[in-house]
Novice: 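Below you will find the structure I want to go over with you.
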Amino acid sequence: MADPRRVEFGDFLRSRREKLSPKTVGLPAGRRRRTAGLRREEVAQLAGIGVDWYIRLEQGRTVSPSVTTVDALARALRLSKTEHAHLKALARDGDKRAFTREIVPAPVRRMIESLTQPAYVTGRRWDVLAWNEAAEEVFGFGQLPEQDRNTLLLVMTNKQTRKFYGARWNDVAKSMVAMFRATHDVWAGDPAFTELLTRLREGSPEFVKWWEAHDIRSTAAGLKTMNHPTRGVLQFEHTSFQANDDPALKLVIYTPVQSAMRLG
């Protein structure tokens, strides 16, 4: 069986190739093209590698490209800094251990419980593992079954959460899918991630469309506006931090902006 990470590596190459035009990379259009984007031989030419080698990479074969080759492909495909980092991550040999749900250390739990603004901790699969009272008041994590406490699952498949974001849901959800893509691909084939992916595909047609685009985004701070069912319009600046206790854990903090309705 093909290595799922190599399959994702190849799929990512193909998705970026199909987004480029000959004009963008300084190549003549040439004869009529039946499909969008560059041809495989054009990418190979731009990267300075053999066509057969590039085809093997795009097909997800079990081959290990060098750092030099990955960098050349990134230049040829005009990858962003985030996309380049993702391609390098997929080219590395991954951790073969199966995913296990993380445990939040007691000091980290006590720290988030002491905060007055909404805060929660997620794991590698974006499962919500711990949260404080302020986060419960806004998101209601405690009212959900454990298997549903996943930030991407909530945004993509929960009708109440969709209403929560209103007209902004499309932008929020699409951005989250691109950020989760970067996480998923390095765990491709793991049963826990496969199970989550199946639920997302079955629960959201938008997810299926955005997932196939294979867009990649890095996690970034920002502003979120929410239509809370009882508190009205809430605005937060959100940012995240990696825990030193376990780099797989991410602390997310929502800070109310001055114009927003105060909690409490």
Side-chain angles (χ1 to χ4, degrees), residues 1-20 35-40 43-44 47 49 51-100 122-127 150-153 156 173-204 206-219 247-248 250:
M1 293 180 64
D3 183 341
R5 285 168 60 99
R6 293 291 183 258
V7 173
E8 295 296 350
F9 182 95
D11 185 59
F12 185 56
L13 289 178
R14 178 192 54 75
S15 70
R16 298 309 94 181
R17 173 174 63 81
E18 292 177 350
K19 288 181 179 292
L20 289 177
T35 58
L38 298 179
R39 299 188 178 97
R40 292 185 179 91
V43 176
I49 63 176
V51 177
D52 289 343
W53 178 248
Y54 177 77
I55 291 174
R56 287 168 63 86
L57 290 173
E58 195 170 294
Q59 289 177 339
R61 305 243 188 122
T62 307
V63 292
S64 299
S66 67
V67 173
T68 302
T69 297
V70 172
D71 290 345
L73 287 169
R75 290 191 295 270
L77 293 168
R78 304 298 195 268
L79 299 188
S80 67
K81 183 178 179 180
T82 298
E83 291 171 332
H84 188 178
H86 183 62
L87 194 67
K88 287 195 290 187
L90 290 179
R92 293 193 294 266
D93 289 331
D95 190 338
K96 299 300 183 181
R97 293 175 297 177
F99 169 84
T100 55
T122 60
R124 285 164 293 199
R125 209 181 67 141
W126 292 22
D127 298 309
N150 178 281
T151 54
L152 186 58
L153 198 61
M156 298 305 306
K174 187 175 182 180
S175 177
M176 287 183 69
V177 171
M179 287 187 283
F180 184 71
R181 241 312 183 172
T183 299
H184 165 274
D185 287 2
V186 297
W187 284 89
D190 183 273
F193 279 81
T194 299
E195 176 190 10
L196 177 59
L197 195 61
T198 298
R199 293 189 64 185
L200 289 162
R201 287 182 180 279
E202 293 176 349
S204 172
E206 293 93 345
F207 175 82
V208 174
K209 178 178 65 175
W210 296 331
W211 191 255
E212 295 305 320
H214 213 143
D215 289 334
I216 300 294
R217 282 191 59 176
S218 58
T219 303
K250 183 174 68 175

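These numbers were taken from a predicted model, which means no experiment stands behind them. If you read the sequence from its start, that first residue is 1, and numbering goes on from there.
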Novice: Is the shortest side-chain heavy-atom distance between Tyr54 and Leu73 below 4.5 Å?
Specialist: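 Result yes, sub-4.5 Å side-chain heavy-atom pair found.
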Novice: In Å, rounded to the nearest 0.5 Å, how long is the span from CG of Leu153 to CG of Leu197?
Specialist: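 Separation between the atoms: 11.0 Å.
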Novice: Check Arg124 against Phe99 and note the closest heavy-atom contact, atom names and distance.
Specialist: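 So the two residues come closest at NE-CE1, 4.0 Å.
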Novice: Could you please spell out the steps behind the salt bridge (Lys or Arg N to Asp or Glu O under 4.0 Å) verdict for Arg14 and Glu18?
Specialist: CA-CA 6 Å; Arg14 178 192 54 75; Glu18 292 177 350; 3.0 Å; yes
Novice: Under the 3.5 angstrom rule, does the side chain of Arg5 hit a backbone N or O of Arg92 as a donor-acceptor pair?
Specialist: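 Present.
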Novice: Please examine the side chains of Arg78 and Arg16, heavy atoms only from C-beta on, and report whether any two atoms are closer than 4.5 Å.
Specialist: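 Contact flag for Arg16/Arg78 side chains = no.
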Novice: Taking the side chain as every heavy atom from C-beta outward, state whether Ile49 and Val43 have any atom pair closer than 4.5 Å.
Specialist: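 No, side chains not in contact.
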Novice: What residues, two or more places apart in sequence or in another chain, satisfy salt bridge (charged side-chain N to carboxylate O under 4.0 Å, His left out) together with Glu58?
Specialist: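 Arg17, Arg40.
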Novice: Report the relative orientation of the aromatic rings in Phe12 and His214; use parallel for angles under 30°, tilted for 30 to 60°, perpendicular for over 60°.
Specialist: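 Rings of Phe12 and His214: tilted, 30 to 60°.
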Novice: Could you measure the distance from the CG atom of Asp215 to the CH2 atom of Trp210? Nearest 0.5 Å is fine.
Specialist: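 Asp215 CG to Trp210 CH2: 11.0 Å, rounded to 0.5 Å.
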Novice: If you round to the nearest 0.5 Å, how far is CG of Asp185 from CG of Leu90?
Specialist: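 Going from CG on Leu90 over to CG on Asp185, the span is 5.5 Å.
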Novice: Looking at CG of Leu200 and CG of Asn150, how far apart are the two atoms once the value is rounded to the nearest 0.5 Å?
Specialist: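 The distance works out to 7.0 Å.
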Novice: Contact between Thr183 and Phe193 at the side-chain level, heavy atoms closer than 4.5 Å - yes or no?
Specialist: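 Heavy-atom side-chain distance check passes, below 4.5 Å.
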Novice: Is there a side-chain contact between Met156 and Val177 (heavy atoms, below 4.5 Å)?
Specialist: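 The answer is yes; the side chains approach within 4.5 Å.
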Novice: Could you tell me whether Asp71 and Arg75 have a side-chain N and a carboxylate O separated by less than 4.0 Å?
Specialist: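 Judged by the 4.0 Å cut-off on N to carboxylate O distance, Asp71 and Arg75 do not form a salt bridge.
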Novice: Mind checking the OG-CH2 spacing from Ser204 to Trp211? Nearest 0.5 Å is all I need.
Specialist: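 Taking OG in Ser204 and CH2 in Trp211, the distance rounds to 12.0 Å.
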Novice: Do you know the tightest heavy-atom contact between Ala76 and Ala47?
Specialist: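 For Ala76 and Ala47, the tightest heavy-atom pair comes out as CB-N, 3.8 Å.
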